[in-house]
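Ligands are counted one by one from 1 in listed order, and the atoms in each one are counted from 1 as well.
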Amino acid sequence: MSQALKMLPKGAEERFARIRNGRTTRNRRRLFGTNGIRGLANVKLTPEFAMKIGGAIGTFLEEGHMLVGYDGRISSPMLAKAVIAGLTSTGCTVYNVGMTPTPAIQYAVRYHKMDGAVMVTASHNPPEYNGIKVIADDGIELSRQREIEVEDIFSDDRIRKAKWNAVGEARQLPRILDVYRDGIKKHIDVTAIQKKRFHVIVDSGNAVGGLVAPYLLREIGCKVTTMNANIDGTFPGRTPEPRPESLGELSSIVSVADADLGVAYDGDADRSIFVDERGEVYWGDRTFGLIERSFLQDNPGEKIVTPVSSSILIKDVADEYGGDVVWTKVGSIIVAHTMKKVKAKLGGEENGGVFYAPHQPVRDGAMTTALILDIMAKTGKKLSKLLAELPRYHIKKDKITCPNELKKPILEELTQQIRGMSVDTTDGVKIGFPDKSSILIRPSGTEPIYRFYAEGKTRKRTTQLLTEYKAKADQLVDELTNN
Ligand code: MG
(Lines give C-alpha, C1' and ligand atoms only; values in the text may rest on other atoms or scores of the structure.)
Protein backbone atom coordinates (compact mmCIF):
# COMPACT_ATOMS: atom_id res chain seq x y z
CA MET A 1 0.00 0.00 0.00
CA SER A 2 1.39 3.43 -0.91
CA GLN A 3 1.90 6.20 1.62
CA ALA A 4 -0.81 8.37 0.01
CA LEU A 5 -3.42 5.62 0.14
CA LYS A 6 -2.94 5.27 3.91
CA MET A 7 -4.24 8.83 4.28
CA LEU A 8 -7.49 8.09 2.43
CA PRO A 9 -10.78 7.69 4.32
CA LYS A 10 -12.12 4.43 5.68
CA GLY A 11 -13.36 2.03 3.04
CA ALA A 12 -11.53 3.75 0.18
CA GLU A 13 -9.06 0.94 -0.31
CA GLU A 14 -11.78 -1.68 -0.87
CA ARG A 15 -13.63 0.61 -3.26
CA PHE A 16 -10.42 1.15 -5.25
CA ALA A 17 -9.90 -2.60 -5.50
CA ARG A 18 -13.42 -3.05 -6.91
CA ILE A 19 -12.82 -0.27 -9.44
CA ARG A 20 -9.49 -1.73 -10.56
CA ASN A 21 -11.01 -5.17 -11.00
CA GLY A 22 -13.92 -3.84 -13.00
CA ARG A 23 -11.89 -1.53 -15.20
CA THR A 24 -11.73 -3.94 -18.14
CA THR A 25 -15.45 -3.55 -18.86
CA ARG A 26 -15.81 -1.54 -22.06
CA ASN A 27 -18.57 0.98 -22.57
CA ARG A 28 -20.77 0.66 -25.64
CA ARG A 29 -19.49 2.72 -28.56
CA ARG A 30 -20.53 6.35 -28.44
CA LEU A 31 -19.98 8.66 -31.37
CA PHE A 32 -21.50 11.85 -29.98
CA GLY A 33 -19.92 13.73 -27.09
CA THR A 34 -21.26 16.76 -25.20
CA ASN A 35 -21.45 18.73 -28.40
CA GLY A 36 -21.56 16.54 -31.47
CA ILE A 37 -18.91 14.22 -32.85
CA ARG A 38 -15.28 15.30 -32.42
CA GLY A 39 -11.93 13.80 -33.35
CA LEU A 40 -8.64 14.25 -35.14
CA ALA A 41 -9.18 15.21 -38.78
CA ASN A 42 -8.28 12.42 -41.22
CA VAL A 43 -7.56 10.07 -38.28
CA LYS A 44 -10.99 9.57 -36.69
CA LEU A 45 -12.83 12.06 -38.88
CA THR A 46 -11.91 10.62 -42.27
CA PRO A 47 -13.96 11.16 -45.46
CA GLU A 48 -15.10 7.52 -45.11
CA PHE A 49 -16.36 8.16 -41.59
CA ALA A 50 -18.07 11.42 -42.64
CA MET A 51 -19.79 9.70 -45.57
CA LYS A 52 -21.03 6.88 -43.34
CA ILE A 53 -22.33 9.25 -40.66
CA GLY A 54 -24.01 11.27 -43.47
CA GLY A 55 -25.66 8.00 -44.55
CA ALA A 56 -26.76 7.21 -40.98
CA ILE A 57 -28.27 10.70 -40.56
CA GLY A 58 -30.03 10.44 -43.94
CA THR A 59 -31.44 7.03 -43.01
CA PHE A 60 -32.66 8.43 -39.68
CA LEU A 61 -34.30 11.45 -41.33
CA GLU A 62 -35.89 9.50 -44.22
CA GLU A 63 -35.43 11.44 -47.44
CA GLY A 64 -35.53 14.92 -45.94
CA HIS A 65 -34.27 18.28 -47.18
CA MET A 66 -31.02 19.06 -45.42
CA LEU A 67 -28.54 21.92 -45.18
CA VAL A 68 -24.81 21.25 -44.97
CA GLY A 69 -22.30 23.91 -43.88
CA TYR A 70 -18.76 24.00 -42.56
CA ASP A 71 -16.26 26.09 -40.60
CA GLY A 72 -12.86 27.41 -41.71
CA ARG A 73 -10.78 24.37 -40.81
CA ILE A 74 -8.49 22.88 -43.47
CA SER A 75 -10.29 19.52 -43.49
CA SER A 76 -13.83 20.99 -43.36
CA PRO A 77 -14.64 21.26 -47.12
CA MET A 78 -13.39 17.68 -47.62
CA LEU A 79 -15.55 16.33 -44.78
CA ALA A 80 -18.59 18.38 -45.85
CA LYS A 81 -18.42 16.87 -49.36
CA ALA A 82 -18.28 13.39 -47.84
CA VAL A 83 -21.30 14.14 -45.60
CA ILE A 84 -23.19 15.39 -48.68
CA ALA A 85 -22.34 12.17 -50.56
CA GLY A 86 -23.60 10.10 -47.62
CA LEU A 87 -26.83 12.08 -47.25
CA THR A 88 -27.69 12.10 -50.97
CA SER A 89 -26.99 8.36 -51.23
CA THR A 90 -29.95 7.79 -48.90
CA GLY A 91 -32.24 9.99 -51.01
CA CYS A 92 -31.95 13.27 -49.07
CA THR A 93 -31.90 16.53 -51.00
CA VAL A 94 -28.96 18.58 -49.77
CA TYR A 95 -28.36 22.33 -49.94
CA ASN A 96 -24.72 23.26 -49.47
CA VAL A 97 -24.55 26.63 -47.71
CA GLY A 98 -20.74 26.77 -47.72
CA MET A 99 -18.64 28.31 -44.98
CA THR A 100 -20.80 29.62 -42.14
CA PRO A 101 -21.00 30.13 -38.38
CA THR A 102 -23.03 27.39 -36.66
CA PRO A 103 -25.83 29.76 -35.45
CA ALA A 104 -26.36 31.00 -39.03
CA ILE A 105 -27.06 27.50 -40.37
CA GLN A 106 -29.30 26.81 -37.34
CA TYR A 107 -31.27 29.94 -38.17
CA ALA A 108 -31.46 28.93 -41.85
CA VAL A 109 -32.93 25.52 -40.97
CA ARG A 110 -36.02 27.16 -39.49
CA TYR A 111 -36.14 30.05 -41.97
CA HIS A 112 -36.12 27.72 -44.98
CA LYS A 113 -38.24 25.06 -43.21
CA MET A 114 -35.64 22.32 -43.69
CA ASP A 115 -35.72 18.90 -42.05
CA GLY A 116 -32.33 19.47 -40.49
CA ALA A 117 -28.69 20.33 -41.07
CA VAL A 118 -25.19 19.02 -40.64
CA MET A 119 -22.46 21.42 -39.61
CA VAL A 120 -18.85 20.32 -40.00
CA THR A 121 -16.95 22.02 -37.17
CA ALA A 122 -14.83 21.28 -34.13
CA SER A 123 -15.89 24.59 -32.57
CA HIS A 124 -13.20 25.64 -30.05
CA ASN A 125 -10.97 22.54 -30.35
CA PRO A 126 -7.35 22.82 -31.61
CA PRO A 127 -6.73 23.06 -35.41
CA GLU A 128 -5.95 19.37 -35.93
CA TYR A 129 -9.48 18.43 -34.82
CA ASN A 130 -12.75 18.44 -36.67
CA GLY A 131 -16.30 17.50 -35.81
CA ILE A 132 -19.90 17.10 -36.87
CA LYS A 133 -22.94 18.76 -35.32
CA VAL A 134 -26.34 17.38 -36.33
CA ILE A 135 -29.22 19.85 -36.21
CA ALA A 136 -32.93 18.93 -36.19
CA ASP A 137 -35.77 20.82 -37.91
CA ASP A 138 -36.22 23.07 -34.86
CA GLY A 139 -32.68 24.42 -35.31
CA ILE A 140 -31.43 22.66 -32.15
CA GLU A 141 -28.83 19.89 -32.14
CA LEU A 142 -30.31 16.39 -31.81
CA SER A 143 -31.31 15.28 -28.32
CA ARG A 144 -29.28 12.44 -26.79
CA GLN A 145 -32.09 10.00 -27.48
CA ARG A 146 -32.04 10.77 -31.21
CA GLU A 147 -28.24 10.72 -31.27
CA ILE A 148 -28.41 7.13 -29.97
CA GLU A 149 -30.72 6.21 -32.87
CA VAL A 150 -28.18 7.61 -35.37
CA GLU A 151 -25.34 5.82 -33.53
CA ASP A 152 -27.25 2.53 -33.73
CA ILE A 153 -27.90 2.89 -37.48
CA PHE A 154 -24.18 3.66 -37.92
CA SER A 155 -22.93 0.76 -35.76
CA ASP A 156 -25.38 -1.83 -37.14
CA ASP A 157 -24.67 -0.80 -40.76
CA ARG A 158 -28.35 -0.17 -41.36
CA ILE A 159 -27.73 2.66 -43.84
CA ARG A 160 -30.40 2.83 -46.51
CA LYS A 161 -29.24 3.08 -50.13
CA ALA A 162 -31.62 4.86 -52.47
CA LYS A 163 -32.35 3.33 -55.87
CA TRP A 164 -30.24 4.74 -58.72
CA ASN A 165 -33.02 7.10 -59.81
CA ALA A 166 -33.89 8.19 -56.24
CA VAL A 167 -30.43 9.43 -55.20
CA GLY A 168 -30.82 12.93 -53.73
CA GLU A 169 -29.76 16.12 -55.46
CA ALA A 170 -26.96 18.32 -54.13
CA ARG A 171 -27.76 22.01 -54.62
CA GLN A 172 -26.27 25.30 -53.46
CA LEU A 173 -28.05 27.70 -51.10
CA PRO A 174 -26.37 31.11 -51.08
CA ARG A 175 -27.09 34.18 -48.94
CA ILE A 176 -28.01 32.50 -45.66
CA LEU A 177 -25.77 35.01 -43.86
CA ASP A 178 -27.85 38.00 -45.13
CA VAL A 179 -31.04 36.41 -43.80
CA TYR A 180 -29.32 35.65 -40.50
CA ARG A 181 -28.07 39.24 -39.98
CA ASP A 182 -31.57 40.57 -40.75
CA GLY A 183 -33.00 38.13 -38.20
CA ILE A 184 -30.71 39.47 -35.45
CA LYS A 185 -31.54 43.12 -36.22
CA LYS A 186 -35.23 42.48 -35.49
CA HIS A 187 -34.46 42.05 -31.77
CA ILE A 188 -32.45 45.21 -31.06
CA ASP A 189 -33.00 48.97 -31.17
CA VAL A 190 -30.92 49.72 -34.26
CA THR A 191 -31.61 53.48 -34.15
CA ALA A 192 -30.43 53.76 -30.53
CA ILE A 193 -27.23 51.84 -31.33
CA GLN A 194 -26.60 53.90 -34.50
CA LYS A 195 -26.75 57.13 -32.50
CA LYS A 196 -23.95 55.97 -30.19
CA ARG A 197 -21.47 55.27 -33.01
CA PHE A 198 -19.71 52.64 -30.86
CA HIS A 199 -16.18 51.61 -31.81
CA VAL A 200 -15.95 47.80 -31.55
CA ILE A 201 -12.85 45.64 -31.96
CA VAL A 202 -13.85 42.23 -33.38
CA ASP A 203 -11.47 39.29 -32.90
CA SER A 204 -12.89 36.41 -34.89
CA GLY A 205 -9.81 34.25 -34.21
CA ASN A 206 -9.22 33.49 -37.94
CA ALA A 207 -12.55 31.67 -37.90
CA VAL A 208 -16.03 31.98 -39.40
CA GLY A 209 -17.24 34.65 -36.94
CA GLY A 210 -15.51 37.08 -39.29
CA LEU A 211 -18.13 36.32 -41.96
CA VAL A 212 -20.93 37.90 -39.92
CA ALA A 213 -20.05 40.16 -36.95
CA PRO A 214 -18.04 42.89 -38.73
CA TYR A 215 -20.78 43.32 -41.38
CA LEU A 216 -23.63 43.19 -38.87
CA LEU A 217 -21.98 45.76 -36.59
CA ARG A 218 -21.29 48.14 -39.49
CA GLU A 219 -24.92 47.82 -40.60
CA ILE A 220 -26.06 48.93 -37.14
CA GLY A 221 -23.82 52.00 -37.19
CA CYS A 222 -20.72 50.83 -35.32
CA LYS A 223 -17.18 51.65 -36.30
CA VAL A 224 -15.54 48.23 -36.59
CA THR A 225 -11.87 47.34 -36.37
CA THR A 226 -11.16 43.68 -37.08
CA MET A 227 -8.27 41.51 -35.93
CA ASN A 228 -7.48 37.89 -36.86
CA ALA A 229 -10.16 38.39 -39.53
CA ASN A 230 -8.69 36.27 -42.32
CA ILE A 231 -10.04 32.74 -42.23
CA ASP A 232 -7.13 30.38 -41.64
CA GLY A 233 -7.59 26.78 -40.48
CA THR A 234 -4.23 26.80 -38.68
CA PHE A 235 -5.57 29.51 -36.30
CA PRO A 236 -2.35 31.59 -36.33
CA GLY A 237 -3.78 34.52 -34.33
CA ARG A 238 -4.88 32.75 -31.15
CA THR A 239 -6.43 29.51 -29.97
CA PRO A 240 -10.02 29.01 -31.24
CA GLU A 241 -11.23 28.92 -27.63
CA PRO A 242 -11.81 32.48 -26.39
CA ARG A 243 -10.78 32.61 -22.73
CA PRO A 244 -9.56 35.58 -20.71
CA GLU A 245 -5.98 34.26 -20.85
CA SER A 246 -5.99 33.89 -24.67
CA LEU A 247 -7.33 37.38 -25.38
CA GLY A 248 -4.41 39.54 -24.27
CA GLU A 249 -3.96 41.12 -27.70
CA LEU A 250 -7.63 42.01 -28.02
CA SER A 251 -7.55 43.53 -24.54
CA SER A 252 -4.51 45.71 -25.42
CA ILE A 253 -5.98 46.83 -28.74
CA VAL A 254 -9.30 47.83 -27.12
CA SER A 255 -7.57 50.06 -24.58
CA VAL A 256 -4.96 51.49 -26.99
CA ALA A 257 -7.59 52.23 -29.65
CA ASP A 258 -9.86 53.76 -26.99
CA ALA A 259 -12.68 51.53 -28.27
CA ASP A 260 -16.02 51.01 -26.50
CA LEU A 261 -16.06 47.22 -26.68
CA GLY A 262 -14.04 44.19 -27.71
CA VAL A 263 -15.54 40.84 -28.67
CA ALA A 264 -13.96 37.47 -29.44
CA TYR A 265 -15.66 34.44 -30.96
CA ASP A 266 -14.87 30.74 -30.82
CA GLY A 267 -14.16 28.56 -33.87
CA ASP A 268 -17.78 28.40 -35.07
CA ALA A 269 -18.96 31.71 -33.58
CA ASP A 270 -21.71 30.42 -31.31
CA ARG A 271 -19.86 31.74 -28.24
CA SER A 272 -18.67 35.29 -27.54
CA ILE A 273 -16.43 36.71 -24.82
CA PHE A 274 -16.39 40.45 -24.14
CA VAL A 275 -13.77 43.04 -23.24
CA ASP A 276 -14.76 46.35 -21.65
CA GLU A 277 -13.47 49.78 -22.74
CA ARG A 278 -10.58 49.53 -20.24
CA GLY A 279 -9.41 46.22 -21.70
CA GLU A 280 -10.77 43.96 -18.96
CA VAL A 281 -11.89 40.53 -20.23
CA TYR A 282 -14.93 38.85 -18.59
CA TRP A 283 -16.10 35.28 -18.29
CA GLY A 284 -19.31 34.61 -20.17
CA ASP A 285 -21.58 34.19 -17.15
CA ARG A 286 -20.86 37.78 -16.05
CA THR A 287 -21.92 39.27 -19.40
CA PHE A 288 -24.80 36.77 -19.43
CA GLY A 289 -25.81 38.15 -16.01
CA LEU A 290 -26.02 41.59 -17.60
CA ILE A 291 -28.25 40.32 -20.42
CA GLU A 292 -30.31 38.43 -17.83
CA ARG A 293 -30.85 41.60 -15.76
CA SER A 294 -31.98 43.61 -18.79
CA PHE A 295 -34.22 40.75 -19.97
CA LEU A 296 -35.88 40.30 -16.54
CA GLN A 297 -36.46 44.04 -16.21
CA ASP A 298 -38.58 43.78 -19.36
CA ASN A 299 -39.94 40.26 -18.71
CA PRO A 300 -40.32 39.65 -14.96
CA GLY A 301 -41.19 36.13 -13.82
CA GLU A 302 -39.44 34.38 -16.73
CA LYS A 303 -37.32 31.26 -16.37
CA ILE A 304 -33.54 31.45 -16.90
CA VAL A 305 -31.73 28.23 -17.88
CA THR A 306 -28.06 27.78 -17.06
CA PRO A 307 -25.67 24.89 -16.27
CA VAL A 308 -24.33 24.28 -12.76
CA SER A 309 -20.95 25.59 -13.96
CA SER A 310 -22.34 29.15 -13.99
CA SER A 311 -21.77 31.68 -11.24
CA ILE A 312 -24.25 32.11 -8.38
CA LEU A 313 -24.49 35.61 -9.83
CA ILE A 314 -27.17 34.27 -12.21
CA LYS A 315 -29.34 33.34 -9.21
CA ASP A 316 -28.61 36.66 -7.44
CA VAL A 317 -29.84 38.58 -10.51
CA ALA A 318 -32.90 36.33 -10.86
CA ASP A 319 -33.76 36.79 -7.16
CA GLU A 320 -33.48 40.56 -7.43
CA TYR A 321 -35.41 40.95 -10.69
CA GLY A 322 -38.06 38.28 -10.23
CA GLY A 323 -36.71 35.44 -12.36
CA ASP A 324 -36.53 31.72 -11.75
CA VAL A 325 -33.27 29.83 -12.43
CA VAL A 326 -33.36 26.29 -13.85
CA TRP A 327 -29.94 24.64 -13.31
CA THR A 328 -28.87 21.95 -15.79
CA LYS A 329 -25.97 19.66 -16.59
CA VAL A 330 -23.15 21.28 -18.57
CA GLY A 331 -23.62 21.22 -22.35
CA SER A 332 -25.23 23.61 -24.79
CA ILE A 333 -27.55 20.93 -26.21
CA ILE A 334 -28.91 20.24 -22.74
CA VAL A 335 -29.49 23.96 -22.11
CA ALA A 336 -31.32 24.37 -25.44
CA HIS A 337 -33.55 21.32 -24.91
CA THR A 338 -34.30 22.33 -21.30
CA MET A 339 -35.28 25.80 -22.51
CA LYS A 340 -37.69 24.22 -24.96
CA LYS A 341 -39.12 21.92 -22.28
CA VAL A 342 -39.67 24.59 -19.62
CA LYS A 343 -40.58 27.28 -22.22
CA ALA A 344 -37.72 29.58 -21.22
CA LYS A 345 -36.72 32.51 -23.43
CA LEU A 346 -33.18 32.99 -22.10
CA GLY A 347 -30.28 30.70 -21.30
CA GLY A 348 -26.54 31.15 -20.87
CA GLU A 349 -23.21 29.52 -20.05
CA GLU A 350 -19.99 30.58 -18.37
CA ASN A 351 -18.03 29.90 -21.58
CA GLY A 352 -19.76 32.71 -23.48
CA GLY A 353 -22.82 30.90 -24.87
CA VAL A 354 -26.05 32.91 -24.71
CA PHE A 355 -29.36 31.45 -25.92
CA TYR A 356 -31.91 34.12 -26.79
CA ALA A 357 -35.06 32.25 -27.82
CA PRO A 358 -37.00 35.19 -29.34
CA HIS A 359 -34.28 34.95 -32.06
CA GLN A 360 -33.45 31.23 -31.69
CA PRO A 361 -33.07 28.95 -28.64
CA VAL A 362 -29.44 28.09 -29.37
CA ARG A 363 -26.24 29.89 -28.50
CA ASP A 364 -25.40 32.61 -30.94
CA GLY A 365 -22.30 34.83 -30.81
CA ALA A 366 -23.51 37.58 -33.14
CA MET A 367 -26.93 37.82 -31.42
CA THR A 368 -25.18 38.07 -28.04
CA THR A 369 -22.97 40.91 -29.32
CA ALA A 370 -26.04 42.77 -30.59
CA LEU A 371 -27.76 42.34 -27.18
CA ILE A 372 -24.74 43.76 -25.32
CA LEU A 373 -24.61 46.79 -27.66
CA ASP A 374 -28.37 47.22 -27.24
CA ILE A 375 -27.97 47.39 -23.42
CA MET A 376 -25.04 49.82 -23.71
CA ALA A 377 -27.05 52.06 -26.06
CA LYS A 378 -30.27 52.03 -24.03
CA THR A 379 -28.59 52.68 -20.65
CA GLY A 380 -25.95 55.07 -22.00
CA LYS A 381 -23.45 53.35 -19.69
CA LYS A 382 -20.01 51.95 -20.45
CA LEU A 383 -19.63 48.17 -20.21
CA SER A 384 -17.30 48.38 -17.18
CA LYS A 385 -19.92 50.42 -15.30
CA LEU A 386 -22.75 48.04 -16.21
CA LEU A 387 -20.79 44.98 -15.11
CA ALA A 388 -19.67 46.66 -11.88
CA GLU A 389 -23.35 47.02 -10.92
CA LEU A 390 -23.70 43.22 -10.66
CA PRO A 391 -22.79 41.30 -7.45
CA ARG A 392 -19.08 40.53 -7.40
CA TYR A 393 -17.60 37.04 -7.06
CA HIS A 394 -14.09 35.73 -7.59
CA ILE A 395 -14.00 32.79 -9.95
CA LYS A 396 -11.12 30.47 -10.74
CA LYS A 397 -11.18 27.56 -13.17
CA ASP A 398 -8.66 24.79 -13.61
CA LYS A 399 -8.35 21.23 -14.87
CA ILE A 400 -6.36 18.04 -14.32
CA THR A 401 -5.67 15.18 -16.70
CA CYS A 402 -7.70 12.05 -15.99
CA PRO A 403 -8.04 8.95 -18.19
CA ASN A 404 -11.63 8.55 -19.45
CA GLU A 405 -12.09 5.14 -17.76
CA LEU A 406 -11.23 6.63 -14.37
CA LYS A 407 -13.72 9.50 -14.54
CA LYS A 408 -16.66 7.58 -13.11
CA PRO A 409 -14.78 5.79 -10.29
CA ILE A 410 -13.23 9.08 -9.20
CA LEU A 411 -16.63 10.74 -9.07
CA GLU A 412 -17.98 7.87 -6.97
CA GLU A 413 -15.05 8.10 -4.59
CA LEU A 414 -15.31 11.88 -4.27
CA THR A 415 -19.03 11.61 -3.52
CA GLN A 416 -18.23 9.15 -0.72
CA GLN A 417 -15.62 11.47 0.76
CA ILE A 418 -17.87 14.55 0.89
CA ARG A 419 -20.92 12.79 2.27
CA GLY A 420 -22.81 15.00 4.70
CA MET A 421 -21.87 18.26 2.96
CA SER A 422 -24.27 20.37 0.88
CA VAL A 423 -23.84 18.75 -2.52
CA ASP A 424 -25.52 19.20 -5.91
CA THR A 425 -24.99 16.22 -8.21
CA THR A 426 -26.68 17.61 -11.33
CA ASP A 427 -23.31 17.30 -13.10
CA GLY A 428 -20.19 16.06 -11.33
CA VAL A 429 -20.29 17.28 -7.73
CA LYS A 430 -20.87 20.87 -6.69
CA ILE A 431 -20.29 21.61 -3.02
CA GLY A 432 -21.90 24.74 -1.64
CA PHE A 433 -20.77 26.48 1.54
CA PRO A 434 -22.68 28.82 3.88
CA ASP A 435 -20.50 31.82 2.83
CA LYS A 436 -21.93 31.45 -0.75
CA SER A 437 -18.67 29.98 -2.02
CA SER A 438 -18.74 26.77 -4.03
CA ILE A 439 -16.61 24.30 -5.91
CA LEU A 440 -17.77 22.25 -8.90
CA ILE A 441 -15.72 19.20 -9.87
CA ARG A 442 -16.87 17.56 -13.08
CA PRO A 443 -15.48 15.19 -15.71
CA SER A 444 -15.30 16.76 -19.19
CA GLY A 445 -17.64 15.21 -21.74
CA THR A 446 -15.22 15.76 -24.62
CA GLU A 447 -11.66 15.45 -23.26
CA PRO A 448 -9.76 13.18 -20.78
CA ILE A 449 -9.81 15.83 -18.07
CA TYR A 450 -11.55 16.84 -14.85
CA ARG A 451 -12.66 20.47 -14.65
CA PHE A 452 -12.83 22.63 -11.52
CA TYR A 453 -14.89 25.79 -11.07
CA ALA A 454 -14.28 27.59 -7.76
CA GLU A 455 -16.20 30.64 -6.67
CA GLY A 456 -16.06 32.80 -3.56
CA LYS A 457 -16.60 36.29 -2.22
CA THR A 458 -12.83 36.79 -1.86
CA ARG A 459 -9.90 35.77 -4.03
CA LYS A 460 -8.32 34.01 -1.05
CA ARG A 461 -11.36 31.80 -0.43
CA THR A 462 -11.63 30.88 -4.12
CA THR A 463 -7.95 29.93 -4.32
CA GLN A 464 -8.17 27.91 -1.11
CA LEU A 465 -11.14 25.88 -2.41
CA LEU A 466 -9.53 25.25 -5.77
CA THR A 467 -6.20 24.17 -4.24
CA GLU A 468 -7.85 21.85 -1.72
CA TYR A 469 -10.14 20.00 -4.13
CA LYS A 470 -7.69 19.87 -7.01
CA ALA A 471 -5.19 18.17 -4.69
CA LYS A 472 -7.89 15.72 -3.55
CA ALA A 473 -8.79 14.77 -7.13
CA ASP A 474 -5.14 14.62 -8.18
CA GLN A 475 -4.47 12.16 -5.40
CA LEU A 476 -7.36 9.95 -6.53
CA VAL A 477 -6.16 9.92 -10.15
CA ASP A 478 -2.69 9.07 -8.92
CA GLU A 479 -3.91 6.23 -6.72
CA LEU A 480 -6.14 4.68 -9.36
CA THR A 481 -3.50 4.97 -12.09
CA ASN A 482 -0.56 3.58 -10.13
CA ASN A 483 -2.09 0.85 -8.04
MG1 MG B 1 -18.66 26.70 -30.66
Side-chain angles (χ1 to χ4, degrees), residues 32-39 41 45 69-73 75-76 79-80 97 99-109 117-135 139-142 177 180 184 202-213 228 231-233 235 237-244 246-247 263-274 283-285 287-288 306-307 309-310 330-337 339 347-356 359-369 444-447 451:
F32 291 87
T34 315
N35 213 328
I37 300 168
R38 299 282 166 88
L45 267 95
Y70 50 91
D71 71 9
R73 286 165 195 268
S75 57
S76 293
L79 294 171
V97 304
M99 212 182 270
T100 174
T102 299
I105 196 171
Q106 290 177 298
Y107 187 79
V109 166
V118 178
M119 176 71 191
V120 176
T121 179
S123 184
H124 65 276
N125 290 142
E128 61 272 27
Y129 282 78
N130 217 321
I132 289 171
K133 291 183 177 180
V134 187
I135 297 152
I140 305 175
E141 291 96 328
L142 294 188
L177 301 184
Y180 170 62
I184 292 172
V202 175
D203 176 359
S204 42
N206 304 105
V208 288
L211 298 173
V212 169
N228 301 324
I231 293 180
D232 184 332
F235 301 112
R238 62 163 168 87
T239 139
E241 166 131 53
R243 297 169 66 87
S246 62
L247 301 178
V263 57
Y265 301 102
D266 77 318
D268 63 337
D270 53 357
R271 287 159 44 186
S272 46
I273 290 288
F274 295 92
W283 280 112
D285 40 3
T287 40
F288 171 50
T306 199
S309 52
S310 287
V330 174
S332 67
I333 303 176
I334 296 167
V335 174
H337 283 283
M339 283 175 66
E349 301 172 308
E350 50 79 37
N351 61 16
V354 173
F355 309 63
Y356 185 62
H359 169 59
Q360 56 175 349
V362 293
R363 52 189 190 181
D364 187 321
M367 183 71 244
T368 311
T369 313
S444 161
T446 50
E447 295 164 83
R451 293 188 186 279

Inset, instruction - Inspect the contact between Arg363 and Asp266 and indicate whether a charged nitrogen and a carboxylate oxygen are less than 4.0 angstrom apart. - result: no

Inset, instruction - Would you indicate whether the side-chain heavy atoms of Leu247 and Pro242 approach each other to under 4.5 Å? - result: yes

Inset, instruction - Would you please name every residue forming a side-chain hydrogen bond (donor to acceptor under 3.5 Å, both in side chains) with Asp285, sequence neighbours left out? - result: none

Inset, instruction - Have a look around the Mg ion (ligand 1) and list protein N/O/S atoms under 2.8 Å, or say none. - result: Ser123 OG, Asp266 OD2, Asp268 OD1, Asp270 OD1

Inset, instruction - Tell me yes or no: between the side chains of Arg238 and Asn228, is some donor less than 3.5 Å from an acceptor? - result: no

Inset, instruction - Check the angle between the aromatic planes of Tyr180 and His359 and answer parallel, tilted or perpendicular using the 30° and 60° thresholds. - result: tilted

Inset, instruction - Look at the side chain of Thr368 and the backbone N and O of Asp364, then say whether any donor-acceptor pair between them is shorter than 3.5 Å. - result: yes

